[in-house]
Number of protein chains: 2
Amino acid sequence: MFSKRCEYAIKIMTFIAHQQKKSDKKVDVDAISKAIDSPKAFTAKILQDLVKSDLLVSSRGRFGGFSLPDQFNISLSQIIEAIDGKKLLEGCVLGFGTCSEKNPCIVHHHLKSARQHLKIKLQETNLEIIAKRVNEKNAYFKE
Amino acid sequence: MFSKRCEYAIKIMTFIAHQQKKSDKKVDVDAISKAIDSPKAFTAKILQDLVKSDLLVSSRGRFGGFSLPDQFNISLSQIIEAIDGKKLLEGCVLGFGTCSEKNPCIVHHHLKSARQHLKIKLQETNLEIIAKRVNEKNAYFKE
DNA sequence: CTGAAATAAGACAAATTTGTCCTAATATAA
DNA sequence: TTATATTAGGACAAATTTGTCTTATTTCAG
Ligand code: FES
Ligand code: FES
């Protein structure tokens, strides 16, 4: 469903959101990759992409790190779009160039409602909600 | 959402179902790859996998080809499982080893209903229904 | 100013997926 | 029986994704 990069990206974002609920400190690559059990250098690359997409703010140098942008509640669909693009939510499931009502593929109508439902859920689910759940239920970041 | 192989597999199966509605003749690789606009040798590999999964029957030699097994209406979820495995419908969206209610990941509950909806749609949608639509609406196999 | 600690960025490497090619095995028509 | 048309299968090649390494750049403490 999601690429590996995207899986990491979701874990990264939720971890940072969770940390920032506890303190305002920036979070660095080392802490992130340890917490979510991901390869450090690869994690750093994904962080760069998230910064380029304005889903994170970075600061370099001593005591630098990553933090969420202010007044900006981020949804899963924003993270997915930043990393994997629009294909999952907007593209044709059979890989045709476009997905539209006017020119639907053979399965378009059969999966339309399910895809719409998924899209709404991914838009509704945001870091605020997830971070709250992590606190409440002590959900985990790695196995 | 689906791998390229799985996209081709769905097109392959629907094309064969459609052809067999018109005549009982077996369908060969050449006709399939031309109809769905897929690389021939790669298509042949996918066909082999579908035969191994018992979703198709093959016959070799002159006038050989592929046909649907008798008395066996195949759903999209069966095709997807045969080619991409259980990951999409049963695996954890964040890539953890297991997906369960007892040990849910941080997004498990948020996406549960959407995934369930998708699963049901993929189980409901079968080749009979799709092939019928192809006939009714003149839907296409390639762009 | 200098050193240490952090992100940025580019080149490289490994793994996986996608796709190609060649040969073997098989079945049928003639 | 023989030629031909088909699937089966293995080795290989290309493309993409995943992951690593090294160096530059930035920031701040002291
Ligand atoms: S055209 Fe294929 S899913 Fe919409
Ligand atoms: S445990 Fe992650 S989706 Fe169920």
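Labels below follow one simple rule: chain letters A, B, ... track the order of the sequence lines, proteins then strands, and each chain is numbered from 1.
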Taking side chain to side chain donor-acceptor pair (under 3.5 Å) as the test, write out the residues that go with [X], two or more places apart.
X	result
His117(B)	Ser113(A), His117(A)
Glu81(B)	Lys86(B)
Thr43(A)	Ser38(A)
Glu90(B)	Lys119(B)

Can you give me the N/O atom pairs linking the protein to nucleotides 27-30 of chain C at distances under 3.5 Å, or say none if there are none?
{"from": "dA27(C)", "atom 1": "N3", "to": "Arg62(B)", "atom 2": "N", "distance (Å)": "3.4"}

- prompt: Are Ser58(A) and dA6(C) close enough that a side-chain N or O sits under 4.0 Å from OP1 or OP2?
  reply: no
message: With a cut-off of less than 4.0 Å, is there a side-chain N or O of Gln48(A) near OP1 or OP2 of dT7(C)?
response: no
Residue Tyr8(A), side-chain heavy atoms: nucleotide from dG19(D), dT20(C), dT18(C) that is nearest: dG19(D)
[X] has an atom [atom1]; how far is it from atom [atom2] of [N], in whole Å?
X	N	atom1	atom2	answer
Leu56(B)	dT6(D)	CG	C1'	16 Å
Ile36(A)	dT18(D)	CD1	C1'	14 Å
Lys4(B)	dT16(C)	NZ	C1'	16 Å
Asp49(A)	dT18(D)	CG	P	12 Å
Lys52(B)	dA8(D)	NZ	P	9 Å
Lys40(B)	dA5(D)	NZ	P	11 Å
Glu7(B)	dT17(C)	CD	P	14 Å
Ile46(B)	dT20(C)	CD1	C1'	13 Å

- line: Assign each of Asp28(B) and Ser3(A) the nucleotide of DNA chain D bearing its closest heavy atom; nearer the 5' end lies the nucleotide of Asp28(B)
- prompt: Is it true that the side chains of Ser75(B) and Ser77(B) contain a donor and an acceptor less than 3.5 Å apart?
  reply: yes
statement: So ring pair (Phe, Tyr, Trp, His ring centres under 6.0 Å) across residues 73-94 of chain A, not counting sequence neighbours, yields none
Pairwise N/O distances under 3.5 Å, protein to nucleotides 10-13 of chain D:
{"from": "dG10(D)", "atom 1": "N7", "to": "Lys45(B)", "atom 2": "NZ", "distance (Å)": "2.9"}
{"from": "dG10(D)", "atom 1": "O6", "to": "Lys45(B)", "atom 2": "NZ", "distance (Å)": "2.7"}

- line: Nearest-nucleotide check on DNA chain C, Phe42(B) vs Val51(A); residue mapping nearer the 5' end is Val51(A)
Who pairs with [X] by side chain to side chain contact (heavy atoms under 4.5 Å, CB included), at least two apart in sequence or on another chain?
X	answer
Ala44(B)	Val29(B)
Ser3(A)	Arg5(A), Cys6(A), Ile83(A), Asp84(A)
Lys25(B)	Ser23(B)

message: On the six-membered ring of Phe96(B), is Lys11(A) placed so that its NZ or CZ lies under 6.0 angstrom from the centre and within 45° of the ring axis?
response: yes
message: Please give me every residue in residues 83-93 of chain A whose heavy atoms get under 4.0 Å of an atom in DNA chain D, ordered by residue number.
response: none
message: What's the angle between the local helix axes at either end of the helix from dC1(C)-dG30(D) to dA30(C)-dT1(D), using five pairs per end and rounding to 10 degrees?
response: 0°
